[in-house]
Each structure stands twice: as C-alpha cells, then as structure tokens.
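Side chains included, hydrogens not; waters and symmetry mates left out as well; all remaining heavy atoms used. Read the numbers this way: they start at 1 and go in the same order the structure lists the ligands and their atoms.
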Amino acid sequence: MRKPTRANHPPNVEVPAGNQPVVAPIYQSVKFEFETVDDTLRSLRGERAGFYYLRSSNPTTRQLELTLAELQGREDCVVCASGVGAIAQTLLSLTQQGDHVLCFIETYGPTRQLIRHTLEKFGVTHTLLSIGDLAGIERVLASRPTRLLAFESPTNPINRIADMEAMIRLARAHGALTLLDNTLAGVHQHGQYDIDIYLHSLTKFVSGHGDVMGGAAIANKSLIRALRPDFTLLGGVLDPHAAFLLQRGLKTYFVRYQAHSKNAQRIAEYLSTHAAVERTHYPGLASDPGHALARSQMSEFGSIVSMDLRAGAEGARRFAEALRLFAMTASLGSTDSLVLPQQMFGGRDLTEEQQRVAGVTAGTVRLSIGLEDIDDLLEDVRQALAAAEAVQ
Ligand SMILES: Cc1ncc(COP(=O)(O)O)c(C=O)c1O
C-alpha cells in the first residue's frame, strides 16, 4: 500500500481470544461493513445480527441501552443525544393528528412546550391539569379518548410526587399510555410500577459529572421496536464517545445518587428550620406534603431541594449571587452543587393562576445538592441566607 492508502486502511489490531479489555472499548465508528451484499441485506432486514450505520445503532450505544433497560427493569431501551431529544422523539413517534395528550402544570417546561406548541401544530390537542388533581384526571380521561398521560415524579422544580398507582390505574382504565419522565428519581427507581415508557435525561445523574448529554426511552420490546425507526429518522443520535462516558458514569451512579440524597436531606432539614425560609420542598422531609407517598414509592429522594424565601425575588437573587460553592446555572444531578433563582426558571407560558398552582413563588430557589463536604455546603447556605435576609 502507498502511504495515503495505508493512512486510510491502518493495520488491524485484534485482541487475542481470552484477553478481554476490562473496560469495553469505544466503537467510534459510524459505519460497519459485511463481506457480502447478501449479509448486508439480511442484517438490514433484521435476519442476522450486526451493525450498519450509527444512526440506527452501534455496539457502544447498544451496550448503554442494554444496561439502562436492566437498571430500570424493562426489556429494551433506545438512547439519543439529549433528554429533550428523547421526549420530543417519543412524543412525535407516539402521536398522530386528532390524538389527545394529558399533561401537567408541574411538567418540565420544555416538555410542556413540546406538547402545547410543537404537537399542537400537527393537530394533537392537550389538557393541562395539576399533577395532584386525580378527580380532574379521571374526568378528562372519561370524557375523551386520550393517547398519552405524560408526567414526572418528583416534578421539577417543586418536587411534587405523583401517585404512581392511581395514574397507572386511571390510564389503563381509559386506554392511555403512561409516559413517565423519571429523570429526577433516576434509572433505579419506579421500576416496580407498570409504566409504559420511562424517559430520562442521561445528562443528569447517569453522566453525573456535568460534561456529557444524552437521553433515553426505556420500555418493553414491542414499544421500543415501534419507537426505534422514528428515533432513527428524526436523527438525534447519541455519539459513541458520549455513550462511553455515560456508561462510565453508571459505574458510580448508585454511590453518587445515595450521597446526593444524603447531602440533600441535610440541607433540606437545615432550610426547613431557618427563619428566612417560608417553605422547603424536599420529599425526604417528614413535613413535605408528598413525603408519605414518596416513601412508599422511592428509596432515595435525589439532589433537588427547593425553597421559598420570605424575602421574595430580591432575596432569591441575593441568595443565589451570595453562594460561593454553588454554580448559578441549569441542570441537576452533577457532582457540583448548583443554584437557580425563580427568575431563571421557565414557566412564562403559564397563566398567573397556573403559576400559583405550580407552587413557584417570586422567592423560590432551586438547589441541586452536589457531593462536596456537607459542612462546607451548610456553611455556604448559612452565609447566603444571611445575605437574603438583609434584603428585608
Ligand atoms: C425532568 C427533566 N427532563 C428532561 C430534561 C432535559 O434533559 P436534557 O437537558 O438532557 O435535554 C431535564 C433537564 O433539566 C429535566 O430536568
């Protein structure tokens, strides 16, 4: 081979039999080839195993899918480039003109916008209720055929807890599919419930380090078989290198999730007794309205702690700006602590009454508690609360 040819056809290095790498290699390849046209066609028809083009699948992304499916307790999974990608592609795949979707005021903002604006353009209608309004949910499901019941638990940012059994019972009784964005609860929780499709932003606890994005839909084989062709066509593919990093994140996922929850519990307990704080929203607190339900549904309560400061919007601003260890930015579930004052949440598409129902006040602040030393975090929160109190 001449040099330009060799540069394009490097020597093949095979790992000998019986000499496995301890960490699976990254298959950073878009294309896979077979020796014959017949083998290629048989593979494309699903009659033989194999890979062809990354947009459909790749060994590294497939390994992540199989791991996630097992952790969530379902048969299969399809991954994609972001959590919002997983939500959008699933919604577009499962609905058609004339369908009706039930979603919630407390639903994550971009999901609400996808349902209210993007699906609406294609003739899919929706009803927006509060997540705790079981009578309303039953009334709507009984009054019109509904394709999907799309919800979260805990909700972002106020940590409301959905009654999983009631949601599933009502959806089943009226032939609707249940779509649970399980990002805050994590890939190890809620698998005991008969949810049809679990959606995840892998950007959060699965990545864990705030350096890679990804999304997943997890369900039984037949639903994933129905979703996968649309995920391939819509094209929001997860890169193999991102899949490798997410797979690596899973190795420490369980210890991280537990440590996040432990630190978050301590911060929530501190906030719940502080004079500057009107209300603390954390399902691990015995005083939280969702506590009993959360305890019956979850083993750990995650990293998000929200609170309403008595000093309102200005107090929230001062608090967020005064924190030294918390980055003021979006996202959650990474090793470092984060803060978002109410001014920086979505919710502008909601009416004043809906915002009241959503429970977000002018002084609401969302924290995502990281893995720093708890005493340093408590000290930082204490001094920032003092700065917020100085506003009054
Ligand atoms: C509940 C929930 N779902 C989905 C997403 C979107 O995920 P991504 O940022 O990976 O698109 C987020 C991001 O904050 C989220 O909090």
Taking only heavy atoms of [X], which atoms of ligand 1 are found under 4.0 Å from at least one of them?
X    : answer
V84  : 6 (C), 7 (O), 8 (P), 11 (O)
D181 : 1 (C), 2 (C), 3 (N), 4 (C)
S82  : 10 (O), 11 (O)
I87  : 4 (C)
M213 : 8 (P), 9 (O), 10 (O)
G83  : 7 (O), 8 (P), 10 (O), 11 (O)
L332 : 16 (O)
T203 : 8 (P), 10 (O)

Backbone or side-chain N or O of [X] under 3.5 Å from ligand 1 N or O:
X    : result
L184 : no
G85  : no
S331 : no
S201 : yes

Where does the angle between the aromatic ring planes of F104 and F151 fall among parallel (under 30°), tilted (30 to 60°) and perpendicular (over 60°)? perpendicular

The answer for which part of L202 has a heavy atom under 4.0 Å from ligand 1 is neither

Under-4.0 Å heavy-atom contact with ligand 1, by part of N156 that carries it: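 Side chain only; the backbone of N156 stays clear of ligand 1.
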
How many angstroms lie between OH in Y108 and CG in D181, if you round to the nearest 0.5 Å?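 Going from the OH atom of Y108 to the CG atom of D181 covers 8.5 Å.
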
Taking NZ, NE, NH1 and NH2 as the nitrogens, is one of them in [X] or [Y] under 4.0 Å from a carboxylate oxygen of the other?
X    : Y    : result
R324 : D376 : no
R172 : D196 : yes
E75  : K221 : no
R112 : E106 : no
E314 : R318 : yes

K204 near ligand 1, heavy-atom distance under 4.0 Å?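 Yes; K204 lies near enough to ligand 1 that a heavy-atom distance drops under 4.0 Å.
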
Can you find a heavy atom in the side chain of [X] that is under 4.5 Å from one in the side chain of [Y]?
X    : Y    : answer
L71  : F254 : yes
L338 : R366 : no
Y52  : K31  : no

Starting from atom 5 (C) of ligand 1, locate the nearest protein heavy atom and write down its residue, its atom name and how far away it is, to 0.1 Å. Y108 CE2, 3.2 Å

